[in-house]
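The structure under discussion appears below in the form of structure tokens.
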Amino acid sequence: MLIETFILGSLSTNCYVVSSEKTKDAIVIDPGLDFSLEADQIFDYITQASLNVKLIVNTHGHPDHISGDAVFQEKYNVPICIHRSDAASLKGLENVNFPAAVLLEDGGLIKFGDESLKVMHTPGHTPGSICLLGERLVFTGDTLFAGGIGRTDFPGGSDTYMRLSLQKLMRLPDYFFIYPGHGSTSIMGEEKRANPFLTS
Ligand SMILES: [Zn+2]
Ligand SMILES: [Zn+2]
């Protein structure tokens, strides 16, 4: 599994292009954009790497993660995947092709070529926040960051659910790499040791 990171928008959202090295099938996770021109660097990468984009996946429905959905959908004509509890957020976007949206649920599989990621529902930051689990890595959206966690004081946020979601993540092995929605990557063992929201 190949992962390329692009930092987009004024909130420095991590957009990940994840692809199969074997089949070149790919997904785009969280294409947040302030300007559609920001997408050009990602389009170039996808072209140069000869990738076939199969899906757009949103870890949750906040604007800094979904604002580029329409630009990518227009370019690649592929479905947008989001947890059903955050799906209403897409309604605020212009030019999104709604029948093509795929509603995700806990335990679902996102497949691209010979690779797949499993959906783990982790509400708390938003009702429909998800993490995406690979064999030894996890995309955590705004649920877990290196040294921190996502805010729970936005509409739909919940401290109680966030605690339960973090407990789920704590069960992942220490060697799991963490790819968050903002900031640098980390590994689970380091977060269990040093992240104040996981240790207390
Ligand atoms: Zn967010
Ligand atoms: Zn965010």
Side-chain angles (χ1 to χ4, degrees), residues 3-18 27-39 41-42 55-73 80-94 96 101-106 108 110 117 119-133 137-170 177-186 188 191 195-198:
I3 300 167
E4 190 72 18
T5 308
F6 298 89
I7 300 171
L8 302 175
S10 53
L11 295 177
S12 300
T13 303
N14 289 329
C15 168
Y16 298 105
V17 178
V18 187
I27 61 172
V28 179
I29 300 176
D30 287 350
L33 298 173
D34 286 353
F35 304 99
S36 41
L37 277 176
E38 284 181 278
Q41 54 177 327
I42 305 176
L55 296 166
I56 299 157
V57 184
N58 297 138
T59 59
H60 63 292
H62 278 158
D64 57 316
H65 297 257
I66 67 172
S67 53
D69 281 4
V71 173
F72 279 81
Q73 191 174 56
I80 296 166
C81 305
I82 190 165
H83 189 274
R84 57 173 64 249
S85 299
D86 273 15
S89 316
L90 298 183
K91 295 215 169 80
L93 298 174
E94 284 171 30
V96 164
V102 175
L103 300 184
L104 302 173
E105 290 190 73
D106 190 60
I110 293 170
L117 293 168
V119 176
M120 180 196 264
H121 185 207
T122 50
H125 177 65
T126 65
S129 283
I130 56 168
C131 293
L132 298 166
L133 285 174
L137 59 87
V138 57
F139 296 92
T140 55
D142 286 2
T143 299
L144 179 64
F145 302 127
I149 59 172
R151 290 170 59 167
T152 53
D153 58 340
F154 293 123
S158 158
D159 274 334
T160 309
Y161 282 123
M162 179 58 104
R163 248 193 314 276
L164 294 169
S165 294
L166 294 173
Q167 280 170 16
K168 272 203 223 175
L169 285 170
M170 284 281 278
F177 272 88
I178 299 168
Y179 291 85
H182 302 270
S184 54
T185 54
S186 185
M188 200 50 79
E191 295 312 306
N195 189 322
F197 299 95
L198 294 188

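FYI, the numbering just counts along the sequence from 1. Just follow the structure's listing: the first ligand is 1, and inside any ligand the first atom is 1. No experiment lies behind these values; they were computed from the predicted model shown.
- Interatomic distance, CG of L8 versus NE2 of H65, reported as 10.5 Å (0.5 Å rounding).
- Looking only at its N/O/S atoms, H125 has NE2 as the one nearest to the Zn ion (ligand 1).
- Within 6.0 Å of atom OH in Y161, 12 or fewer heavy atoms from other residues, nucleotides or ligands are found, so the atom counts as exposed in its surroundings.
- One finds an angle of 90° at the Zn ion (ligand 2) between NE2 on H182 and OD2 on D64, to the nearest 10 degrees.
- Within the coordination shell of the Zn ion (ligand 1), defined by N, O or S atoms under 2.8 Å, H65 is absent.
- The CD1 atom of I130 sits 11.5 Å away from the OG1 atom of T140 when rounded to the nearest 0.5 Å.
- Going from atom CD1 of I42 over to atom OG1 of T5 covers 10.5 Å, rounded to the nearest 0.5 Å.
- Relative ring orientation between F177 and Y179 is described as tilted, the plane-to-plane angle lying within the 30° to 60° band.
- When distances from the Zn ion (ligand 1) to the N, O or S atoms of H62 are compared, ND1 comes out shortest.
- Looking only at side-chain heavy atoms (C-beta outward), L104 and I110 come within less than 4.5 Å of each other.
- Nearest N/O/S atom of D142 relative to the Zn ion (ligand 2): this is OD2.
- Checking D30 against the Zn ion (ligand 2), every N/O/S atom stays at or beyond the 2.8 Å cut-off.
- Atom NE2 is the N, O or S atom of H60 at the shortest distance from the Zn ion (ligand 1).
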